[in-house]
Engineer: 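Right, I'll just put the structure down here and ask away after.
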Amino acid sequence: MNAPLASLDAALLARARAQSRQSRRSLVEELQGLSGLEPREIVRLLAEPFGLATMETPEMFGQQPAFDLLPLAQALARHCVLLRDDAKNLTGVIADPFDLDLQTWLQAQAGATAASPLHLRLALQSDIQAYLGKHEESARAVDTLVGDSGESRRDGKSATVLSFASVSEAASPAVKLVNSTLYDALKAGASDIHLESTAGGLAVKYRVDGVLDHAASVGGIELAEHIISRLKVLAELDIAERRVPQDGSFRVESAGREIDLRVSIMPSIHGEDAVIRILDKRAMIEAYGSLTLEALGFDAPSLATLRMLAQEAYGMLLVTGPTGSGKTTTLYAALTEIHNGREKIITIEDPVEYQLPGILQIPVNEKKGLSFAKGLRSILRHDPDKIMVGEIRDRETAEIAVQSALTGHLVLTTVHANNVFDVFGRFTHMGIDPYAFVSALNGIWAQRLIRMNCPRCAVPYTPDDTELASAHLARADVHDYQFMRGLGCGDCRGTGYKGRRSIAEILTLNDEIRELIVDKQPIRRIKAAAAANGTRSLRLAALDLVKRGATTIEEIRRVTLHA
């Protein structure tokens, strides 16, 4: 094994530079492979003999790119960027201190002179690329650096396919902006796109890992209206109607994959807002592989309980949580595991988000009269053993689901509620008989998705008393905690978080809990009986992740309530 690099060694540098020119790897990556040092330590060692300061990702994201002097396309190609701070001072950030031609060119781009040269800083190439990628979303939308033909075609499925294969100019600014916004959102891994009308135009936001992130601002009320109209055309909505909400869908093709997009248009005081839900089936396959329960990140005790509930012969398993908490994905994983080919499994969903081989999946079509309730009635005549209902929204669907569970079927379904105990109030509000409901119910599973600290930039830290108090923790309670938080780097796009995992709150019903519910006992008595039966709150499950340094107090406060 190579000895660690204590100082710049000419022979080692020459070898690394030669290998870097022959491969697509950066100089730092080559040096890391040869020396075994961490990338940031290598950057520091490279910067010292040149008299350069280094720049970390948080400082980089604290400044604005000077794309007016160094366009994004050229910055991406040359792995450098010009930054402008609040005082309008320029800084050039480079990744290779040996590239003198790049430094001279960058000085010229910035308009520097011999008397007033540009101040240069050294950074990881991946950090520079991440910074540019973050601002690429805005630049693409405003400057249309990456366009699309904007041509659409019919695929015979009442959806419009928009191809991103070509990178040619579109006919109008609105088409360019819609195409580039969709392109950037897919690249960023967003689950939703929000287009919010403002007094002066349109704000574009992406929801990434459950959090909204401002991506771009589009100036001009007329252009904003054209963008919303373009979305209406793609989703086959009425472009003349601007006073009532509308919903539709269309499809795009990107990198050889088909992606379904659901569009919701809502009137606002400044015009109309739009939200686009991205349903990327292949991304789910890539993220979860064979879609097993282990891949979702649940702790071992929760996983064992979920498997037990999903393998019951009959009854009902309810999964609850807010929109975007992974309820449907959990049910898909459970169905994948229990599917053995010897039982008939039927699902009714809105929409079918993931295709499960060997399982009959029925998409809801409200326009054609196929609702959850009507579809569920038909399913019962199709001799099923196990049924998955995408969501219980109304009394009729709830009644049929309960009766199905009472007549020998295993019913897996979702309902919107904040925790396992709120589910009882939800079904009572829908007018469901409590005795029938608890007789059918095997268990309730509430879940959330928690962002994890970025493994690359997470560092230990000590929270102050105010931060601990915000999580209802005392200093004496956290003596064995390993507090960590991400500083922000290229891998996590400067957020400090990368990826999410699931946490769960589980209530398995026994006779005591059933009697308390039917007798309409106070919720505190039901919670006490549930705790004695092994139920642990979402907050406690989240605190276990904080204790291990996997996430932060700030994140669990965002996602969960104090127990």
Side-chain angles (χ1 to χ4, degrees), residues 61 130 133-134 137 181-182 184-196 203-215 259-262 264 273-281 283-284 286-288 291 295-299 302 319-333 353-354 391 414-419 445-455 457-458 470-471 484-486 488-489 491-505 537-539 541-546 550-562:
F61 275 89
K134 175 73 172 176
E137 300 157 1
T181 298
L182 295 174
D184 291 324
L186 293 172
K187 183 178 178 181
S191 60
D192 302 86
I193 305 170
H194 289 240
L195 303 175
E196 301 175 354
V204 182
K205 300 177 182 178
Y206 301 154
R207 188 178 294 279
V208 180
D209 283 342
V211 178
L212 276 180
D213 184 25
H214 182 83
I259 300 165
D260 292 321
L261 303 174
R262 301 175 72 190
S264 173
D273 286 15
V275 173
I276 306 168
R277 183 77 183 272
I278 300 173
L279 302 174
D280 190 349
K281 299 173 185 176
M284 185 183 289
E286 293 171 353
Y288 299 116
L291 202 65
L296 303 184
F298 294 114
D299 59 86
S302 298
V319 180
T320 186
T323 301
S325 59
K327 301 186 298 294
T328 304
T329 303
T330 297
L331 288 184
Y332 279 148
E353 297 183 14
Y354 184 87
E391 182 184 347
T414 73
V415 66
H416 284 287
N418 290 324
N419 54 56
W445 174 281
Q447 73 176 57
R448 298 289 189 278
L449 293 176
I450 296 280
R451 291 186 297 171
M452 296 289 97
N453 285 327
C454 174
C457 66
S470 70
M484 302 281 287
R485 64 181 173 192
C489 67
D491 279 6
C492 61
R493 298 164 57 86
T495 65
Y497 299 98
K498 186 171 184 181
R500 293 188 290 177
R501 64 173 293 176
S502 303
I503 58 171
E505 176 181 87
S537 71
L538 287 165
R539 173 58 70 94
L543 281 174
D544 278 351
L545 296 178
V546 175
T551 190
T552 63
I553 289 176
E554 178 186 6
E555 179 66 7
I556 68 165
R557 287 179 57 225
R558 183 185 70 85
V559 175
T560 67
L561 293 173
H562 175 57

Engineer: Okay, side chain of R448, backbone of I503: is any donor-acceptor separation there less than 3.5 Å?
Structural biologist: no
Engineer: Within a radius of less than 6.0 Å around CD of E391, do more than 12 heavy atoms belonging to other residues, nucleotides or ligands occur?
Structural biologist: yes
Engineer: Take T323 and R277, measure what side chain to side chain contact (heavy atoms under 4.5 Å, CB included) needs, and give me the verdict at the end.
Structural biologist: CA-CA 11 Å; T323 301; R277 183 77 183 272; 4.2 Å; yes
Engineer: Partners of R485 by side-chain contact (heavy atoms from CB on, under 4.5 Å), sequence neighbours excluded?
Structural biologist: Y461, T552
Engineer: For A504, what residues pass the side-chain contact (heavy atoms from CB on, under 4.5 Å) criterion, not counting sequence neighbours?
Structural biologist: F298, S302, W445, I506
Engineer: Decide side chain to side chain contact (heavy atoms under 4.5 Å, CB included) for I276 and D192; before the verdict, give the C-alpha distance in whole Å, the side-chain angles of both, and the deciding distance to 0.1 Å.
Structural biologist: CA-CA 5 Å; I276 306 168; D192 302 86; over 6 Å; no
Engineer: I'd like to know if the side chain of Y206 reaches the main chain of V211, judged simply by a donor and an acceptor atom lying under 3.5 Å from each other, with no hydrogens or angles considered.
Structural biologist: no
Engineer: Quick one: does S325's side chain have a donor or acceptor within less than 3.5 Å of a partner on P322's backbone?
Structural biologist: yes
Engineer: With the threshold set at 4.0 Å, does a side-chain nitrogen-carboxylate oxygen contact exist between E555 and R558?
Structural biologist: yes
Engineer: Please assess L331 against T414 for the test side chain to side chain contact (heavy atoms under 4.5 Å, CB included), listing each intermediate value before the final yes or no.
Structural biologist: CA-CA 9 Å; L331 288 184; T414 73; 3.4 Å; yes
Engineer: Closer than 3.5 angstrom, by distance alone: can the side chain of T320 be matched with the main-chain N or O of A417 as a donor-acceptor pair?
Structural biologist: yes
Engineer: Please report the interatomic distance CG(N419) to OG1(T560), rounded to the nearest 0.5 Å.
Structural biologist: 11.5 Å
Engineer: Is I193 close to V275 at the side-chain level, that is, under 4.5 Å between some pair of heavy atoms?
Structural biologist: no
Engineer: Under 3.5 Å, side chain of K327 to main-chain N/O of G321, donor-acceptor pair present?
Structural biologist: yes
Engineer: Indicate yes or no for a side-chain donor-acceptor contact from Q447 to the backbone of G326 under 3.5 Å, with no hydrogens or angles considered.
Structural biologist: yes
Engineer: Ion pair present between D209 and R451, side-chain N to carboxylate O less than 4.0 angstrom?
Structural biologist: no
Engineer: Can you tell me how far NE2 of H194 sits from CG of D273, rounded to the nearest 0.5 angstrom?
Structural biologist: 10.0 Å
Engineer: Rounded at 0.5 Å granularity, tell me how far CG in L545 sits from CD1 in I556.
Structural biologist: 9.0 Å
Engineer: On a heavy-atom basis, which atom in A333 and which in L296 lie closest, and how many Å separate them?
Structural biologist: CB-CD1, 4.0 Å
Engineer: Would you please say whether a donor-acceptor pair under 3.5 Å links the side chains of R207 and S191?
Structural biologist: no
Engineer: Strictly distance-based, threshold 3.5 Å: is any side-chain N or O of N453 a donor or acceptor partner for the main-chain N or O of Y497?
Structural biologist: no
